[in-house]
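Bear in mind that the values here come from a model prediction, so they are computed numbers and not experimental data.
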Amino acid sequence: MSEPAPPKSDAADSDATDSGTTGTADADSDAEVQTGAESVVAALERAGAETLFGVQGGAIMPVYDALYDSDLQHVTMAHEQGAAHAADAYGVVAGEPGICLATSGPGATNLVTGIADADMDSDAMLALTGQVPSHMVGSDAFQETDTTGVTAPITKHNYFAGDADTVGDTVGEAFALSAEGRPGPTLVDLPKDTTLAETDREPGPAETPDTYSVEEDPDDEQVEAAARAIERAEKPLLLFGGGVVKSDACQEARGFAIEHGIPVATTMPAIGSMPEDHELCLSWAGMHGTGYANMAITHTDCLIAVGTRFDDRLTGGLETFAPEAEVVHVDIDPAEISKNVHADYPVVGDAGRAIERLSAEMDRSPQTREWRQQCQSWKDEYPLAYATPDDEPLKPQFVVEAFDEATDDDAIVTTGVGQHQMWAAQFWTYRSPRTWVSSHGLGTMGYGVPAAIGARIAADDDQQVVCFDGDGSFLMTMQELSVAVRENLDVTVAVLNNRYIGMVRQWQDAFFDGRQMAADYDWCPEFDKLAEAFGAKGLRVDDYDEVADAVEEALSYDGPAVIDFHVDPAENVYPMVPSGGANGKFALSEDQL
């Protein structure tokens with residue numbers, strides 16, 4: 001996950017947010033800075049930040065006090081983990097860094113899961129944490145934690161802000177750095193004496209340090225060599241990764257595919273980068289990806305991978321991944337080139353610029369008619385399908401498709417992690433980037449509900465937001481439903497309740513002789529009644545004939561709604577490539593594993 005990073009700064013900064021709910025008091029944006037905390041808030045305003053997600057506390061209180069007179073919108077979350085996930089999702093949808101803040105000690109450590117999640121998925125996010133006064137650091141003071149030490153492995157860069165005169169510049173730098181080049185989370189730890197100290201120094205613009213440089217323009221020779229490889233290919237395949245979305249290069253990437261008639265598979269983070277109803281799109285590949293995408297990867301002779309880190313859930317066994325292919329790998333982070341999959345033709349640079357350069361360099365398109373026909377035959381042979389026998393309970397895939405049909409093309413989907421996540425990715429047709437918001441690399445259960453809050457606030461007013469969650473995943477962050485109610489956020493949560501940690505149960509059945517240890521969740525509460533207790537609309541669905549009406553009622557409700565769908569507890573996710581297996585040998589049922 002590395003990228004060149006600036007040397008550690010000893011500048012200081014603070015957190016900022018409103019004291020209570022969404023929105024803040026009217027502010028005089030030209031007010032002079034008088035404290036370190038006010039410098040932090042001024043830096044965020046000048047960086048163009050609009051919304052922050054956080055939880056109040058003692059060490060961060062000076063920053064919250066400075067937010068009282070700011071135009072920045074603050075959303076008080078129920079738990080700091082929720083603040084981090086909401087900020088992450090806000091950034092994914094808005095295309096700019098999301099911001100979360102918390103106090104010292106447990107507040108900061110509660111952010112860690114969300115920071116790690118953003119780090120694994122290369123999501124731009126800024127975390128601001130309160131800290132005990134500088135002279136008490138290292139004394140085991142009340143609510144003290146070595147926050148910079150704890151988060152060093154999971155941030156793009158972090159800072160201990162020890163000077164009120166420079167704290168605003170540090171916050172601005174951290175904000176800029178999180179989005180520049182390969183995105184990722186940054187963190188500024190704010191000792192209370194820094195944020196309380198007097199200063200009249202106004203922070204400068206949000207800029208990355210002079211020591212930080214990113215090669216955005218690819219090398220001419222690299223582009224030329226890659227272009228020649230693509231031209232001579234007989235079975236080329238484009239693989240769009242999350243970097244295509246993060247660099248806003250979807251238009252260029254789609255145009256390249258269409259101009260040259262090259263089929264496209266995506267990774268899970270890149271879902272929506274290519275419209276899934278386009279004839280060239282094979283949808284997403286990997287462990288639970290489509291059979292046709294995995295077959296195309298297995299048989300391509302030229303894999304053109306853009307903005308992907310080739311994680312194990314995509315590749316399966318590396319020795320069997322794209323075994324017949326020359327690999328063109330485009331990535332802004334040189335550390336990713338040949339890290340997992342050897343790149344025969346590396347192209348280091350921004351995804352959009354690299355694709356434009358490749359397109360300009362191409363003298364002709366590869367001859368792909370027969371290859372496209374082969375890909376279509378795999379689509380016909382391995383469609384995503386499921387049975388709905390009358391004597392079996394409601395199928396979760398049916399629920400996903402019902403929502404897809406009832407919502408607009410630009411609706412945003414957030415998810416927790418587990419079987420429900422895979423069904424939401426498989427049985428929804430994604431046509432636009434930044435409409436799929438999920439936890440990929442870290443696989444964080446509980447991501448879905450707080451992500452829906454962040455996505456709702458970042459989205460256009462007329463965009464719908466649907467969260468698919470599992471019963472186990474929903475339990476982990478359901479307290480954030482209170483935030484959605486307080487803010488009257490129009491989000492719909494569909495709990496695909498199978499009374500299990502479903503993916504664990506599926507693996508236990510397949511690989512542990514059916515020994516279901518600690519996977520049974522039949523002790524969960526009634527989620528529809530729980531939703532009503534929070535003040536949301538609660539619905540329960542058990543049968544197919546109830547689905548359409550419940551979906552319509554929830555979507556039309558002006559506020560948060562939760563539908564507890566009691567689905568088949570025995571349903572499994574297929575296709576499935578066993579961990580470390582070959583993509584082309586995916587299983588369509590348990591007896592094929």
Side-chain angles (χ1 to χ4, degrees), residues 218 221-241 244 252-267 270 273-276 278-286 289-308 310 314-331 337-338 340-347 351 354-383 575 577 582-586:
E221 292 184 2
Q222 290 183 342
V223 171
E224 182 179 358
R228 300 291 85 78
I230 298 169
E231 287 172 349
R232 64 174 176 265
E234 296 180 358
K235 296 181 288 184
L237 178 68
L238 281 158
L239 177 65
F240 294 167
V244 173
E252 293 87 347
R254 295 174 178 184
F256 185 86
I258 294 169
E259 178 182 358
H260 298 291
I262 301 176
V264 177
T266 76
T267 66
S273 57
M274 185 74 179
E276 292 188 325
H278 194 283
E279 61 181 0
L280 288 174
C281 188
L282 303 175
S283 193
W284 55 282
T290 64
Y292 35 95
N294 284 324
M295 290 296 285
I297 285 176
T298 302
H299 294 283
T300 179
D301 64 358
C302 182
L303 183 66
I304 308 135
V306 185
T308 178
F310 289 115
L314 167 69
T315 64
L318 289 172
E319 69 282 357
T320 59
F321 180 74
E324 303 174 12
E326 291 188 308
V327 175
V328 175
H329 190 182
V330 177
D331 207 287
I337 302 296
S338 295
N340 293 327
V341 172
H342 175 72
D344 300 287
Y345 302 97
V347 180
I355 292 168
E356 287 179 339
R357 293 280 300 281
L358 277 171
S359 187
E361 179 64 31
M362 296 272 289
D363 293 328
R364 63 179 181 84
S365 297
Q367 301 302 303
T368 62
R369 185 173 64 86
E370 291 184 5
W371 170 237
R372 283 184 278 117
Q373 290 175 344
Q374 175 61 72
C375 290
Q376 182 58 52
S377 72
W378 285 324
K379 279 188 175 183
D380 297 337
E381 187 175 357
Y382 304 112
V577 178
N583 289 67
K585 296 182 179 179
F586 50 87

Sequence neighbours excluded, which residues qualify as salt bridge (Lys or Arg N to Asp or Glu O under 4.0 Å) partners of [X]?
X	result
Glu231	Arg228
Glu224	none
Arg232	Glu326

Q | For Ser283, side chain to side chain donor-acceptor pair (under 3.5 Å) partners two or more places apart | A | Glu276
Partner residues of [X] under the side chain to side chain contact (heavy atoms under 4.5 Å, CB included) criterion, sequence neighbours left out:
X	answer
Ala325	Thr300, Leu303, Ala322
Ala253	Phe240, Val244, Ile355
Ala351	Ser247, Ala249, Val306
Ser338	His342, Ala343

**Q.** Crowding at CD, Glu324 (>12 non-hydrogen neighbours, <6.0 Å)
**A.**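 Atom CD in Glu324 is packed in, count exceeds 12.
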Q | Distance-only side-chain donor-acceptor flag, Gln374 / Ser377, under 3.5 Å | A |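 Yes.
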Do [X] and [Y] touch side chain to side chain, with heavy atoms closer than 4.5 Å?
X	Y	value
Thr308	Asp331	no
Pro275	Arg254	yes
Arg357	Val347	no

Under the ring pair (Phe, Tyr, Trp, His ring centres under 6.0 Å) test, which residues partner [X], sequence neighbours left out?
X	result
Trp378	His299, Trp371
Tyr345	none
Phe310	Phe321, His329

Q: Sort and list the pairs that fulfil salt bridge (charged side-chain N to carboxylate O under 4.0 Å, His left out) and have at least one residue in residues 365-383, not counting sequence neighbours.
A: none
